[in-house]
Every structure is written in structure tokens, then in C-alpha cells.
**Q** 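One structure coming up, written as C-alpha cells, with questions to follow.
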Amino acid sequence: MAPPPRVTTVLAWGSGEDGQLGMGGNEEKDWAHCVEALEPYNVTAVVAGSRNSLAICDDGRLFTWGWNQRGTLGHPPSTKTESTPSPVDALSGVRIVQAAIGGWHCLAVDDKGRAYAWGGNEYGQCGEEPERKEDGTKALRTPQRCAPKLKVRQVAAGGTHSVVLTQEGHVWTWGQPWPPGDIKQISTPVRVQGLQNVRVIAVGAFHNLALTDEGILWAWGNNEYGQLGIGDTQPRSQPIRVEGLSGLLLVDIAAGGWHSTALTDEGEVYAWGRGEHGRLGFGDDKSSHMVPLKVEFLAGEDIVQVSCGGTHSVALTRDGRMFSYGRGDHGRLGYGRKVTTGHPLDVPIDLPPPKTSTSSDGQWQAKYVACGGRHTLAIAEWTEARD
């Protein structure tokens, strides 16, 4: 007997002032709500940006919503914000498999390793020379090919720069990698020297992480809060090894605006960088940390994914529960109350069973989480109770 088809839903909560929750309005939600416009689709990935959001479907279609003033939604703008998800028609002829949102721009990669960019291009972050207008801005309103000579596996976007991982395991970057004025911007991809066999990359506002197949973590970029995890607050223009994680088998990494996390094969979480608002998960300790420390409050929870936002974080367990911590205003923690805390707490999924379910005896389990600036997205799957 064939198993029943998977039933999934996209959840959103937090600030909705720019329509980034995708619910047709601008109200904020302090607990998880369904993004009903995406119900007809099988969404496999979501990305939460500073003020906008995107979703990727199993057929490769890309939907965007939220803030649109610099073309960050990738389709001809009708308003400054759009509160309902809509497809990016310029990418309808390709199958998108992964995407990222930066400060004012977006990146995506298709199943053939071709990368695309759109949105703000003031610093060449979309891979084209910035032609400044009178107001100092330059935007690509619809997706354009970027890094055409590279076969890309993963894209990541920072505040004003872009980073890609190629299928050969090399890392390339372009744009303005540091706060404006520190380093000359480049619109042509440049390979990051010293990195081989990279498995996954993560990018914060102005710092970068790369995890190799051997489980070694490298970091470079801005470091004023210790977000590189190397024991000081000096910036690095070239990758440096994060020694504090040596001996651990790392399986994933994540970067928030100014903080970082790493996940081990045993489901343990390590965090470092800016600690304000409790975003590192160390309880009442809201100070910044320059080296990775284990998040003891998540010990024993078997974490399989962590997402870092601007000022909060969410950890996902193997059995589909979510723990959020950090800044709580606008409801971005999803507790039903606007509390700021460094103590990870359960995020309830208080939704009725799907209409296709033959029984109310089951539960929603989160399968993926994405933290933005002031909102959070997740994908949840309905699991029938076993007899």
C-alpha cells in the first residue's frame, strides 16, 4: 500500500509591515500562521530576508513577496511592497533549486548551475557595474545571469556582496564585502584564495563562513563582534580557520547579521558573535563571544538545522519542533507574546489538520526554518498518528 501524499504548509510570523509574511496585509503575527496563497504548491524551501521573503517549489518555480523598492522581488514593481506571494515570471523557463536574499538584492541558482541576481546593485552585488543614478542607486528589476563562467552549487548574499560555491568546491565573491568605504567594490567574481573542497557556505551582513568536506570551518570578513569566532575582533580579508571547533564533526553552519552558528553530527549547536538580545541562546548572558561556545540549553534536543536572523535564531529538532530565542518584539519568536530571551523556547504550531486528512489524530512537524530581519518562515508537514 502506497504511503499517503505529503501534506506541507508554509508558516510565517513576526513583522508584516512590508508584507513579508505573505498574508495579504501588513499586520504582524506573534504566532505561526499559514501562508494561504502558497497552499496549492509544494514548497520545498523558504528564505527570509531583512524585509522580504521567497519560496521555491518542487517544480522549480520561485515566488517572492514583501519589500520591493529596489526590485528585490524580481518582477516589474507595481507598489513599494507586495503582501501576497507571486511568481518571478522572468525565471519561469528554468528550474530554481536554491536562492538567497541579501540586504537589497537576491540570488538564485538553477538545476544546471546557472546563477541569477536581481535587486539593488549599488555596490556591484548583482555582478554588473553599478551605474549610479542621481539618488545614488542602481537596481536590476528582473533577474539577470551573473557569474556566467561559473557552474554554481550554492548562492549566499550579504549586506552588499555576493558569494557563490561552485560545483568544484571553490568559493567566489563580488560586490562590496565590507561596510561601504572600507574596501573597493568589485562587480566581477573573484575567487577566494585558500579554500578547497568546500561543502557549504553561509554569509552574514559582512562576514562569511565556509565548511569543507573535511569538517574544517573557515571564516573571513568583518569581525567587530567576534562573529568570525577566532578569538579577537580584528577583520580578516582572507579565510582563517576557526580553531575553537577543531575535533568536532560539523555538518552545517549558519550566519545571521552579526552572529554565527555551527551544528555537529550529534545535534549540538555552537554559537558566537554578537550576543545582544540573547540571539546566541546563552540564557541571561547577552554579551558578545569571540569564540564558539556550546548552546547548553539545546543539549539533548538533536538539532538538525539552525537559522540565524538579524537579531534572533531558531533551532529545528529532528522530530519537527522549533526553539526560538533572541529579540522578541514584533512577534518574531512565535511564542504568542513579545518576549526577548536568551533561553530557547518551543514555538507552537497551533493549526487545524489539513482538509485532506482523514483523521484529526496527528500533528504538524516543522521541516525547515528561515529567520529574517524581523520575521520568521518555516515549512511544516502533517504527520498522521500511528496506530
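Note that this is a predicted model, so its numbers are computed, not measured.
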**Q** Using distance alone, with no hydrogens and no angle criterion, decide if Thr72 and His105 have a side-chain donor and acceptor under 3.5 Å apart.
**A**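 Thr72 vs His105: no donor-acceptor pair found between side chains.
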
**Q** Distance-only, no hydrogens or angles: does the Ser313 side chain make a donor-acceptor pair with backbone N or O of Arg279 under 3.5 Å?
**A**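 Flag set: sc Ser313 to bb Arg279 pair under 3.5 Å.
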
**Q** Going by atom types alone, do Thr166 and Glu168 pair a side-chain donor with an acceptor below 3.5 Å?
**A**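 Yes, side-chain donor-acceptor contact under 3.5 Å.
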
**Q** To the nearest 0.5 Å, what is the distance between NZ on Lys151 and CZ on Arg114?
**A**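 If I round to the nearest 0.5 Å, the distance is 10.0 Å.
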
**Q** Does this structure show an ion pair linking Glu122 with Arg70, if we count only N-O contacts that are shorter than 4.0 Å?
**A**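 Salt bridge: yes.
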
**Q** How about His259 and Thr311: does a side-chain donor come under 3.5 Å of a side-chain acceptor?
**A**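 Absent: no donor and acceptor within the cut-off.
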
**Q** Between Glu39 and Thr9, do the side chains contain an N or O donor and an N or O acceptor separated by less than 3.5 Å?
**A**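 Checked: Glu39/Thr9 side chains pair up, N/O donor to acceptor below 3.5 Å.
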
**Q** Taking the six-membered ring for Trp, are Tyr325 and Phe297 ring centroids under 6.0 Å apart?
**A**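 Tyr325 vs Phe297: aromatic centres not under 6.0 Å.
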
**Q** Under a 3.5 Å cutoff, is there a donor and acceptor pairing between the side chains of Thr173 and His161?
**A**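 The answer is no; no qualifying pair exists.
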
**Q** Can a salt bridge be assigned to the pair Asp302 and Arg318 using a cut-off of 4.0 Å between side-chain N and carboxylate O?
**A**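 Counted as a salt bridge, because a side-chain N and a carboxylate O are separated by less than 4.0 Å.
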
**Q** Please check if the number of heavy atoms outside Trp364 that lie under 6.0 Å from its CH2 is greater than 12.
**A**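 Yes, the 6.0 Å shell around CH2 holds more than 12 heavy atoms from other groups.
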
**Q** For the backbone of Pro189 and the side chain of Trp172, can you confirm whether one donor and one acceptor N or O come within less than 3.5 Å of each other?
**A**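 Side chain of Trp172 to backbone of Pro189: no pair is present.
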
**Q** Strictly below 4.0 Å, N to O, side chains only: are Asp59 and Arg61 in salt-bridge contact?
**A**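 Judged by the 4.0 Å cut-off on N to carboxylate O distance, Asp59 and Arg61 do form a salt bridge.
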
**Q** Indicate, with yes or no, if the rings of His33 and Trp31 have centres closer together than 6.0 Å.
**A**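 For His33 and Trp31, the ring centres are under 6.0 Å apart.
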
**Q** Once you round to the nearest 0.5 Å, how far does CZ of Arg199 lie from CD1 of Ile253?
**A**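 Output value for this atom pair is 9.0 Å.
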
**Q** Inspect the contact between Glu28 and Lys338 and indicate whether a charged nitrogen and a carboxylate oxygen are less than 4.0 angstrom apart.
**A**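 Yes, Lys338 and Glu28 are salt-bridged.
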
**Q** Please work out which of the three classes, parallel, tilted or perpendicular, describes the rings of Phe282 and His289, given edges at 30° and 60°.
**A**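 The arrangement is perpendicular - the two ring planes meet at more than 60°.
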
